[in-house]
Amino acid sequence: VYYNTFNTKDAKPEIAAFKLKPVKKLPVGSSGFDGDAMVIPPRGTVTFNVTDLDLSQPMTFAYWWSLDAPIPHNGGGNFFAFRGKGGSFISHFVRGGPWCGLKDSCACFQAYKFKGMRPIHANFDRKFRKRYEIGKGIWHQTVLTLSMGRKFKLYIDGKLVTQPQTMGRT
């Protein structure tokens with residue numbers, strides 16, 4: 001995960017990497033897209049502590065993922081979560097009913113407890129399970145961007161799937 005700004009005098013990009021620390025150690029396996037990969041157990045999650053997370057800067061987080069089996073009816077799990085200072089967090093997950101009145105699995109995005117930012121909870125894809133072919137050896141790419149601390153954009157397989165605003169009316 002990195003910030004990419006053009007705030008230098010010569011307008012060259014400035015890159016500042018986050019210090020990501022996994023909350024718990026995940027095993028590494030040889031079934032990655034192009035080599036080794038973290039192996040997440042069923043109903044597991046990839047959660048990182050990020051003490052230097054600053055949402056006032058542009059940000060990009062991108063990764064490839066594959067699940068060993070399709071998501072069952074009302075099934076789900078976390079795709080990623082960042083935990084920052086003071087309980088702040090950003091997460092992308094799939095959750096099923098009866099949570100929030102859902103009748104089947106739904107893709108969600110959340111960002112909470114960041115200074116100066118309203119809480120975001122977006123249930124953005126109620127057909128996630130049916131929309132994506134999911135199974136062993138089938139890979140998808142997820143990209144999260146933040147533009148100048150004002151708008152998140154979440155892409156799956158190159159398609160913009162949600163773009164919640166961090167500022168303005170709730």
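Here the structure is a predicted model, which is why all the values come from computation and not from measurement. The chain is numbered in sequence order, starting from 1.
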If two hydrophobic side chains count as joined below 4.5 Å and joins carry through other members, does Leu67 share a cluster with Val143? no
Among residues at least two apart in sequence or on other chains, which ones pass ring pair (Phe, Tyr, Trp, His ring centres under 6.0 Å) with Tyr155? none
Backbone N or O of Tyr112 within a donor-acceptor pair of the His121 side chain at under 3.5 Å? no
Which residues share a side-chain hydrogen bond (donor to acceptor under 3.5 Å, both in side chains) with His73, sequence neighbours left out: Asp104
Could you check Gln165 against Arg118 for side-chain contact (heavy atoms from CB on, under 4.5 Å), going step by step and ending with a plain yes or no? CA-CA 9 Å; Gln165 298 276 354; Arg118 66 180 179 88; 3.9 Å; yes
With rounding to the nearest 0.5 Å, note down the distance linking NZ in Lys103 to CZ in Arg126. 9.5 Å
Minimum heavy-atom separation for Phe152 and Ala111, please, with both atom names. CE1-CB, 4.0 Å
Once salt bridge (charged side-chain N to carboxylate O under 4.0 Å, His left out) is applied, do any residues pair with Arg83, and if so which ones, sequence neighbours excluded? none
With rounding to the nearest 0.5 angstrom, report the CG to CD1 distance, Leu144 to Ile156. 11.0 Å
The side-chain hydrogen bond (donor to acceptor under 3.5 Å, both in side chains) partners of Gln141 (sequence neighbours excluded) come to none
Find out if a path of hydrophobic residues (ILVMFWY) with successive side-chain heavy-atom gaps under 4.5 Å connects Leu102 to Phe79. no
Share the residues that join Ile138 in a hydrophobic cluster, the rule being Ile, Leu, Val, Met, Phe, Trp or Tyr side chains under 4.5 Å apart at the heavy-atom level. none
Can you list everything that forms a side-chain hydrogen bond (donor to acceptor under 3.5 Å, both in side chains) with Thr142? Sequence neighbours excluded, please. Trp65
Aromatic plane relationship, Phe61 with Phe82 - under 30° parallel, 30 to 60° tilted, over 60° perpendicular: perpendicular
Between Met59 and Ile90 the two heavy atoms that sit nearest each other are CE-CD1, 4.4 Å
Please enumerate all residues that pass side chain to side chain contact (heavy atoms under 4.5 Å, CB included) together with Ser91, with sequence neighbours excluded. Ala81, Phe89, Phe93, Gln110
Starting from the C-alpha separation in whole Å, work towards a yes-or-no answer on side-chain contact (heavy atoms from CB on, under 4.5 Å) for Asn123 and Arg95. CA-CA 9 Å; Asn123 289 351; Arg95 185 75 188 258; over 6 Å; no
Got a donor-acceptor contact below 3.5 angstrom from the Arg129 side chain to the Ile134 backbone? no
How close do Gly97 and Asn74 get, counting heavy atoms only, and between which atoms? N-OD1, 2.7 Å
By salt bridge (charged side-chain N to carboxylate O under 4.0 Å, His left out) - contacts of Arg131 (at least two apart): Asp125
To the nearest 0.5 Å, tell me how far Asn78 CG sits from His92 NE2. 9.5 Å
Applying side chain to side chain contact (heavy atoms under 4.5 Å, CB included) to Pro70 and not counting sequence neighbours gives none
Phe114 meets the ring pair (Phe, Tyr, Trp, His ring centres under 6.0 Å) criterion, sequence neighbours left out, with none
Nearest atoms (heavy-atom pairs only) where Pro164 meets Phe109: CG-CD2, 3.8 Å
Minimum-distance pair of heavy atoms, taken over all atoms of Gly137 and Ser66: N-OG, 3.6 Å
Could you tell me whether the side chain of Ser105 and the main chain of Gly75 form a donor-acceptor pair under 3.5 Å? yes
